[in-house]
Amino acid sequence: RAAAVRGDLDAAFPLALAAPPSVERTRILLLCADEFQTLAAERAAIRAAEELAADDRAELFRITRDRKLWERIAGRDAAGAAASGGSRIPGDWLEWLALLNAGEADADRLRELAQRGASEWSVEALAATPGGAGELAALLSATRAPAEEAVLRDSLPHLLKVLQRDAGWPRTDFEASYEALISLLVMECRGGEAELNLFVDLAGALLTLGADAARYEDLVQSGVELWTRFAAPRTVTWVLDLIDLLAAHPSASDEARLRLLVAVTERLMVPQFASRLDPVQLEFFKVLCHDLDHPELYRDLVKTVYSGDEPVVTGGDPFAQLAGQTVAVYTLIESAAMRVRDFLLDHCATVSVELCHEHVCTDRLRSLAQHADIFLVATGSAKHAATECIEVNRSNALPLLRPSGRGSASMLSVLHAHLAAGN
């Protein structure tokens, strides 16, 4: 009470949590929930109200402010408190998925909770929960009604953000969960850029953990299916990122990998694709074909689309503008960063390319954020200490480029667009 009266709700909150049920305790927790705007505080306030006897709860809700706070936090009127049977605010992804699978929660409310939970629910805590990893995989793999599947599909970016924020990403304990998420994406994908990039992120996690022939075949075949369904000029960079990912990891099935490469080549030969390929995409496809020992596919593309002569880039090479400049590249995918570096050096011998893979804020990362002429930050949906370090130390006057994907093609594409625009 004393801490709340003097406005120190940070001190009042843990004391109120430890106190026995009472109207005053619940009132203080409602104030804390209103002030903090966190799921943990709202969950504590709701539980406190539901622990009260009926008469005490009626006394609490006689005060208009307390009643309105409850209704905003709980998402239902005060009369629903007595019959609620427990908190409707989950404490982690396991509880959120259980609530979703039960089919009793409002869809929009679940989407909101997933978005907010992404910044509050710790993957380390989930990993430390006995049986937590197995339960997560089971909940993700459960059968749901179409409406609940739609909610889960829309919430996958938030769940993946939590998983990627894990310092142990990708974690072996969550291997089955990554596979379940891949299956959900392939079945439910509508071709959005974010969904397709999630597939590449998850495929990268599984390849990093190690893929036998069966898993590798499934991953590549899923990529072929997604490309077949959503092939379009706007998804070319995405599929090049996927091929780049496969090129960076040991192949458990050269035949499967070639099948994807052939599927992409055949579609790029279609006039509507060929006419809209930018120089970076075309050159990067050439590099990938060479690295995967199938340069004939690039030659077939050039022969079909350009009558055998490689296209001439008009207006000069935008990457030549990088002469004497420093380009910093932050990504946790080292192979992608190295390919970007090699590509840029091929175009401009005097550019300095600095690669960063730190998980935390280091003196080097801070210095690059302050002084690099251009900074590429490819982190997908994840955000952690290192990326926050870059943002805090980067001047608004210096370019900070964020590709939508985490692969080499995405990074080169966003840099090319930046330079071509004369920035």
*Looking only at non-hydrogen atoms, find the nearest pair between Gly204 and Leu245 and report the distance.*
N-CD2, 3.5 Å
*asked:* Aromatic contact between Trp169 and Tyr178, with the criterion being ring centroids under 6.0 Å apart: yes or no?
replied: yes
*Begin with the C-alpha distance, continue with both residues' side-chain angles, and end with the deciding distance and a verdict on side-chain contact (heavy atoms from CB on, under 4.5 Å) for Leu226 and Leu242.*
CA-CA 11 Å; Leu226 289 174; Leu242 178 58; over 6 Å; no
*Side chains of Glu112 and Asp108: does their closest heavy-atom pair fall under 4.5 Å?*
no
*asked:* Any side-chain to backbone donor/acceptor pair from Arg57 onto Ala49? Under 3.5 Å, distance only.
replied: yes
_For Trp238, give me all partners under ring pair (Phe, Tyr, Trp, His ring centres under 6.0 Å), at least two apart in sequence or on another chain._
none
*Looking only at atom types and distance, does a side-chain atom of Thr129 sit under 3.5 Å from a main-chain N or O of Ala125, one as donor and one as acceptor?*
yes
*Pairing residues for Ala150 by the side-chain contact (heavy atoms from CB on, under 4.5 Å) criterion, not counting sequence neighbours*: Arg111, Arg153
_Close side-chain approach of His249 and Thr208, heavy atoms under 4.5 Å_ = yes
*Search all heavy atoms of Leu240 against all heavy atoms of Leu288 and return the closest pair with its distance.*
O-CD1, 3.7 Å
_Polar side-chain atom of Ser367 near backbone of Asp363 as donor-acceptor pair, under 3.5 Å_ = no
*asked:* For the backbone of Ala114 and the side chain of Ser155, can you confirm whether one donor and one acceptor N or O come within less than 3.5 Å of each other?
replied: no
*About how many Å separate CD of Glu358 and CD1 of Ile390, when rounded to the nearest 0.5 Å?*
8.0 Å
*Donor-acceptor pair, side chain of Asp373 and main chain of Thr326, under 3.5 angstrom*: yes
*Distance in Å, Arg171 CZ paired with Asp166 CG, rounded so as to fall on 0.5 Å steps*: 4.0 Å
*Is there a donor-acceptor pair closer than 3.5 Å between any side-chain N or O of Thr228 and the backbone N or O of Val224?*
yes
*Hey, is Arg43 close enough to Glu120 for a salt bridge, meaning N to O under 4.0 Å?*
no
*salt bridge (charged side-chain N to carboxylate O under 4.0 Å, His left out): which pairs involve residues 272-288, sequence neighbours left out?*
Lys286-Glu310
*Under 4.5 Å between any side-chain heavy atoms of Leu30 and Leu60, yes or no?*
yes
*Which residues pass the side chain to side chain donor-acceptor pair (under 3.5 Å) test with Arg215, sequence neighbours left out?*
Glu175, Glu179
*Would you check if there is a donor-acceptor pair between the side chains of Thr237 and Gln281 at a distance under 3.5 Å?*
yes
*Quick one: CG on Asp66 to OG1 on Thr26, what's the gap to the nearest 0.5 Å?*
9.0 Å
*Test item: Pro20 and Arg25 side chains (from C-beta on) under 4.5 Å apart, heavy atoms*: no
*Does Gly324 offer a backbone N or O that forms a donor-acceptor pair with the side chain of Thr350 under 3.5 Å?*
yes
*When you look at Leu344 and Leu412, which way does the side-chain contact (heavy atoms from CB on, under 4.5 Å) test go after all the steps?*
CA-CA 9 Å; Leu344 294 181; Leu412 290 171; 4.1 Å; yes
*First locate atom CG of Leu31, then atom CZ of Phe36, and finally report the distance between them rounded to the nearest 0.5 Å.*
10.0 Å
*Please test Trp93 against Glu135 for side-chain contact (heavy atoms from CB on, under 4.5 Å), starting from the C-alpha separation and ending with a verdict.*
CA-CA 10 Å; Trp93 282 107; Glu135 186 177 354; over 6 Å; no
*May I ask you to decide if the ring planes of Phe319 and His416 are parallel, tilted or perpendicular, using 30° and 60° as cut-offs?*
tilted
*asked:* Show the nearest heavy-atom pair for residues Leu139 and Leu94, with the distance to one decimal.
replied: CD1-O, 3.5 Å
*Value rounded to 0.5 Å, distance of CG in Leu419 from CG in Asp317*: 9.0 Å
*asked:* If we check side chain to side chain donor-acceptor pair (under 3.5 Å) with Ser408, which of these qualifies: Asp342, Thr331, Asp244, Asp241?
replied: Asp244
*What's the shortest heavy-atom distance between Met411 and Ala337, and which atoms?*
CE-N, 4.3 Å
*To the nearest 0.5 angstrom, please state how far the CG atom of Leu15 sits from the CD1 atom of Ile28.*
9.0 Å
*Which atoms form the tightest heavy-atom contact between Leu97 and Leu136, and what is the distance?*
CD1-CD1, 3.5 Å
*Sorted by first residue and then second, give each side-chain hydrogen bond (donor to acceptor under 3.5 Å, both in side chains) pair with at least one member in residues 183-192; sequence neighbours left out.*
Asp154-Arg190
_For a quick test of reading the model, state the closest non-hydrogen atom pair linking Trp121 to Leu113 and the distance between them._
CH2-O, 3.8 Å
_Beyond-backbone contact of Leu152 with Trp96, side-chain heavy atoms, under 4.5 angstrom_ = yes
*Would a distance-only check, ignoring hydrogens and angles, find a side-chain to backbone donor-acceptor pair under 3.5 Å from Arg394 to Pro399?*
yes
*Taking only Lys NZ, Arg NE, NH1 and NH2, and the carboxylate oxygens of Asp or Glu, determine whether Arg27 and Glu24 approach each other closer than 4.0 Å.*
no
*Quick check: does any side chain N or O of Arg339 sit under 3.5 Å from a backbone N or O of Phe284, one acting as donor and the other as acceptor?*
no
_Just to verify, what does Phe174 make a ring pair (Phe, Tyr, Trp, His ring centres under 6.0 Å) with, not counting sequence neighbours?_
none
*Is the backbone N or O of Glu149 less than 3.5 Å from a side-chain atom of Arg144, with the two atoms forming a donor-acceptor pair by type?*
no
